[in-house]
Amino acid sequence: MEVVMNKLVTLTNRANRSFVRFTEKYPRLFKTILTVLIGGPLLWFLLPIKADDVRGPILMTLFMLAVFWLMFRLQRKSLGAGKRSGGLRREENVTTRFNDVAGCDEAKREVMEIVEFLTNPAKFAAVNAVVPSGALLIGDPGNGKTLMAKAIAGEAKVPFFSISGSDFVEVFVGIGARRVREVFETARKAAPCILFIDEIDAVGKKRGSSGGDGGEREHEQTLNMLLTELQGMRSDPTKPVVVIAATNRPDVLDPALIRPGRLTRHIEIGNQPTKGREAILKVHMAKIPIAKDDVDLKRLAHTTAGYSGADLANLVNEAAIVAAREGETLVHMSHFEKAKDRVIFGTDNGKRMSDEERQIVAYHESGHAVVGELQSVLDPVTHVSVSPRRNWLGVTISIPTEDRYITSKSKLLARIAMAFGGRLAEEIFVGNINSGANGDYASATAVARDMVTRLGMGDPAKFSQRVYGDDESELTKRLIDKEVDRIVTEQYAFARQLLESNRDKVEAMTALLLEEDTISIREINKIMRGNAEADKPKVTVH
Ligand code: ADP
Ligand code: ZN
């Protein structure tokens, strides 16, 4: 019975949440529905003439519905700048310039030609120069791909259209293709212009990768239409529509998309090195009052390895918020330090765990942290948390102390052991393994496989530099699997041994986590080495 009640409560909660979400997402539509539902009958009862049946209020409701529908239609016709329709956004008079995009000098040089082309297409047409009218920006989210595309439009003073690849993904065959055609048609009317397609992988993944009949047919039609439109772009050379697409997964794209004449240019816009991070911080700091002689820009840039451009922008903003909260008028270095934690962890995701779940998560994260800390080749663990954020219930964070481009074999092995630490701690301290540990297992195996097939770190090393694809012989595949299995098994045993002989540390960290929610480097050092300031011991593992 209690189960049924609980189910019911969950269901009501869920319905409630979807309702709230709906009202937040479509406030106007919600108000309209409310007005019609309440206003219709009310109007009827207020009118002097009355018939004695229910048809009156219903008719009145329908009448009001018709009026609102007409109003909506008229409004839609007059959609102006900055408005969206079917996912397509249009922006006129873009104010973004190359100066707003910090770092990325190489990328800027590469897109310069597109700007020239857009500014004076006739000049290029006159000499029959074929200018590539499509570019693919490649890089992890938040590194400024959208910003760069906008800056191109801003510099060339042309309209900026943007849409996400997922806006073309439809269930019914033919709908996605029609939308592609409509979008390009709209863009052509405004040419010269930029058409930015974010997350192009959503619509441009390889044919045959969708699975399922209907889905595959729809995907293929949409992709074909996209290919046709991209090819047709050069039909009027004096009125170019330059397509800038963005992705962080170029490997899944259909090869036809990047063939000559389509998205020919490939431009990397990835995580920035220290110099680039410094430039990005500078751009965003210009917008807030900084205590100039207190804030060490170089140090900040140095200690934010792995931050995306968006993370850095967020960091500056959070620092300003912290300062304002403390009643300061200038933002100091201490505010940036505090803001860092907030940027790393993100905001509360609203998930609530039971005490039991929380304890499991605390053991799990302590397991990762202890195994990580005991291996001196790894970067120090700076934070451990059991406060649910983003898409996780708990998290262990190591922050590299500097930019690194080369990874050693011992580091990768240590990383595999660390990934197993969470799952093992659950097994050793709680007594069973729970569903949360799946991702860890997958990532550990992926690292091991990479070592064997790509990095030449397996035994024998000859399996490296091969594409682990269908063309491998069955025997090779089996040998590779065996080697991956050996690495994984060894690291699993090693992680278990580390945890078994450091039970006190795991227990101490778990207890502190349950009390504090989040602990950072000082507390971690204290538990691991009895000293808050201590460096890692210089014990080499493996
Ligand atoms: P992407 O499209 O690659 O996911 P965005 O262009 O949307 O990333 O970047 C998000 C935000 O992060 C930008 O609006 C900007 O505030 C900040 N940002 C990212 N990269 C840079 C950069 N190179 N220079 C300045 N700001 C940046
Ligand atoms: Zn884990």
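Indexing begins at 1, ligand by ligand and atom by atom, following the structure's order.
Here the two rings, on Tyr441 and Phe420, have centers that are under 6.0 Å apart.
If you check each of Thr96, Asp140, Leu147, Thr146 against atom 27 (C) of ligand 1, the one with the closest non-hydrogen atom is Leu147. Across the listed options Gly142, Gly144, Gly309, Ala102, Ala102 owns the non-hydrogen atom lying nearest to atom 22 (C) of ligand 1.
Using a 4.0 Å cut-off to heavy atoms of Asp100, the atoms of ligand 1 that qualify are 24 (N), 25 (C).
Heavy-atom distances between Pro141 and ligand 1 reach below 4.0 Å in at least one pair. Not a single heavy atom of Ile269 sits less than 4.0 Å from an atom of ligand 1. Within the structure, the closest approach of Met148 to ligand 1 does not fall below 4.0 Å when heavy atoms are considered.
Taking backbone and side chain together, Asp440 holds an N, O or S atom under 2.8 Å from the Zn ion (ligand 2).
Shown here are the salt bridge (charged side-chain N to carboxylate O under 4.0 Å, His left out) partners of Arg109, two or more places apart in sequence or in another chain: Glu106.
Here the options are Val316, Asn317, Leu312, the test is side chain to side chain contact (heavy atoms under 4.5 Å, CB included), and the partner is His284; only Val316 passes.
Taking 4.0 Å as the cut-off between side-chain N and carboxylate O, Arg449 and Asp481 count as a salt-bridged pair. Salt-bridge annotation for Arg529 and Glu373: present, with a side-chain N of the basic residue lying under 4.0 Å from a carboxylate O of the acidic one. Contact check on Glu92 versus Arg90 returns a salt bridge, with a Lys/Arg side-chain nitrogen under 4.0 Å from an Asp/Glu carboxylate oxygen.
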Taking distance alone, no hydrogens or angles, what donor-acceptor pairs closer than 3.5 Å link side-chain atoms of residues 241-249 to residues at least two apart or in another chain?
unit_1: Thr247; atom_1: OG1; unit_2: Asp201; atom_2: OD1; d: 2.6
unit_1: Thr247; atom_1: OG1; unit_2: Arg249; atom_2: N; d: 2.9
unit_1: Arg249; atom_1: NH2; unit_2: Asp251; atom_2: OD2; d: 3.3

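To the nearest 10 degrees, the Zn ion (ligand 2) sees NE2 of His368 and NE2 of His364 at an angle of 90°.
Looking at atom 16 (O) of ligand 1, its nearest protein heavy atom turns out to be His284 CE1, 3.2 Å. Nearest non-hydrogen protein atom to atom 12 (O) of ligand 1 is Ala310 CA, 3.1 Å.
Counting heavy atoms closer than 4.0 Å to ligand 1, residue Gln272 contributes nothing at all.
Ligand 1 has no N or O atom lying under 3.5 Å from any N or O atom of Val101, backbone or side chain.
Cation-pi check for Arg503 over Phe429 is met; the charged atom lies under 6.0 angstrom from the ring centroid and within 45 degrees of its normal.
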